[in-house]
Colleague: 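Below are the structure tokens for one structure; questions will follow.
Every number for a ligand or one of its atoms is a count from 1 in the order of the listing.
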Amino acid sequence: MTEQNFIPKAFSKSVEKGSFTWSSPSNIALVKYWGKKADQIPENPSISFTLDACKTTTTLSFSKKNSSSDFSFDVFLDDEKKDDFKPKIKTFFKRIERYVPFLKDYHFKIETSNTFPHSSGIASSASGMSALALCLMSIKRELNPDMPNDYFHQKASFLARLGSGSACRSIEGDLVVWGRHVEIDGSSDLYGIKYPYEVHPNFENYQDTILLVDKGEKQVSSTVGHNLMHGHPFAEQRFGQAHSNLSKLIDVFKTGDLNAFIQIVESEALSLHAMMMTSMPYFILMKPNTLKIINKIWEFRQDTGLHVSFTLDAGANVHVLYPANEAESVLEFIKNELVAYCQNGHYICDKIGFGAKQL
Ligand code: PMV
């Protein structure tokens, strides 16, 4: 598959107006994507757990307009008009226009809402861009009704990637790989795929409690962050490390070795932050409470032998990961020992989910 495969031929039908609604989840990377080439091509492969509860629901209404000279759309978040979201969506539309050439033929109304608070520090770009990409693909399917389902999902992921890289991992499947990896058949830099190999029952229903340590605006936007990897002194080592961690995870998913899983996932989180600390300019995105939580998790794991671990995004919040059969004890620990470090005591209980749904 190349980009060319996603450029459509003539449409077989025409549609005047309509509306589609998709609900799409956020995801949390286990092997992190950090660094990209032109056109949102990742510097290294990544893999993520799809989340279940943290979702964006988007309704895209469309009606044919007279002139096709420019994009025309309005955006609403929770029924409130959001003109400040427009530049990002316009950039997205410009990037994908070749692949969905009907964009200038319609006026769009984009109505969106998140199940998680907007100001939680949880990135809504993965769930938001994937939901929008899926709505656009639904229009495309109206125009080309014989489109196979696999192609629908693949192209939705391809489009979502052009909105926000990690969004391509939010379309379909509980574990999603994005980026070419020699040991993973079908993996591609262009879109995410469902992890194709055996996954041990230890990972079924895996839990993720997100501790909201800092709900402020992101200190470093993803765009700035990915750019920091250009000319980074450790870039090549980091990209190599991601490949090798993904190789190791193939075996871990098969055998269900939770201790090995913990080692890889925590090391990935710290490596991501290490990249930010050693770039120019440099950033520390962890807060004192992030470190307190990490140390508490390590202590608790040592004392109990339970398989609780953490991962981080490009921010201070902590994702606490643990298997479903240890949920009762770990939740007790979270409530008693960790919630105190969350801003206003806020946290979100989530778990592994299966991808987007049309409503
Ligand atoms: O999708 P972006 O461009 O916002 O980048 C996301 C990067 C991380 O969340 C830090 C890692 C990842 O793989 O999701």
Colleague: Quick check on Gln40 - does any of its heavy atoms sit under 4.0 Å from an atom of ligand 1?
Modeller: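 Heavy atoms of Gln40 never come under 4.0 Å of ligand 1.
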
Colleague: State the atoms of ligand 1, each with its element, that fall below the 4.0 Å cut-off from a heavy-atom position in Ser164.
Modeller: 1 (O), 2 (P), 4 (O)

Colleague: Any chance the rings of Tyr197 and Phe253 have centres within less than 6.0 Å?
Modeller: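 No, ring centres 6.0 Å or more apart.
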
Colleague: Check step by step if ring pair (Phe, Tyr, Trp, His ring centres under 6.0 Å) holds for Phe261 and Tyr206.
Modeller: CA-CA 12 Å; Phe261 175 78; Tyr206 220 76; 5.4 Å; yes

Colleague: If you define the side chain from C-beta out and look only at heavy atoms, does anything of Leu211 sit under 4.5 Å from Tyr341?
Modeller: no

Colleague: Starting from atom 3 (O) of ligand 1, locate the nearest protein heavy atom and write down its residue, its atom name and how far away it is, to 0.1 Å.
Modeller: His226 NE2, 3.0 Å

Colleague: Near Ser222, which atoms of ligand 1 are under 4.0 Å from a heavy atom of that residue?
Modeller: 2 (P), 3 (O), 4 (O), 5 (O)

Colleague: Only one of Phe93, Phe108, Phe85 forms a ring-ring contact (aromatic ring centres under 6.0 Å, His included) with Phe73, so which one is it?
Modeller: Phe93

Colleague: Return the residue, atom name and 0.1 Å-rounded distance of the protein heavy atom closest to atom 9 (O) of ligand 1.
Modeller: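 Looking at atom 9 (O) of ligand 1, the protein heavy atom closest to it is Asp313 OD1, 3.2 Å.
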
Colleague: Which residue supplies the protein heavy atom nearest to atom 1 (O) of ligand 1, what is that atom called, and how far is it?
Modeller: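 So the nearest neighbour among protein heavy atoms is Ser166 OG, 2.6 Å.
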
Colleague: Just jot down the ligand 1 atoms closer than 4.0 angstrom to any heavy atom of Ala29, in number order.
Modeller: 12 (C), 13 (O), 14 (O)

Colleague: Quick test of your reading of the model: are Lys81 and Asp83 salt-bridged, counting only N-O distances below 4.0 Å?
Modeller: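 Salt bridge flag = yes for Asp83 with Lys81.
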
Colleague: Could you identify the single nearest non-hydrogen protein atom to atom 11 (C) of ligand 1 and state the distance to 0.1 Å?
Modeller: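 Nearest neighbour among protein heavy atoms for atom 11 (C) of ligand 1, to 0.1 Å: Tyr33 O, 3.4 Å.
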
Colleague: Looking at Ile293, Asn317, Leu270, which one forms a side-chain contact (heavy atoms from CB on, under 4.5 Å) with Met286?
Modeller: Leu270

Colleague: Which atoms of ligand 1 are found less than 4.0 Å from any heavy atom of Gly165?
Modeller: 1 (O)

Colleague: Side chains of Asn259 and Arg301: any donor to acceptor distance under 3.5 Å?
Modeller: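 There is no such pair (donor and acceptor under 3.5 Å, judged by atom type) between the side chains of Arg301 and Asn259.
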
Colleague: Show the atoms of ligand 1 that are less than 4.0 angstrom away from any heavy atom in Arg169.
Modeller: 12 (C), 13 (O), 14 (O)

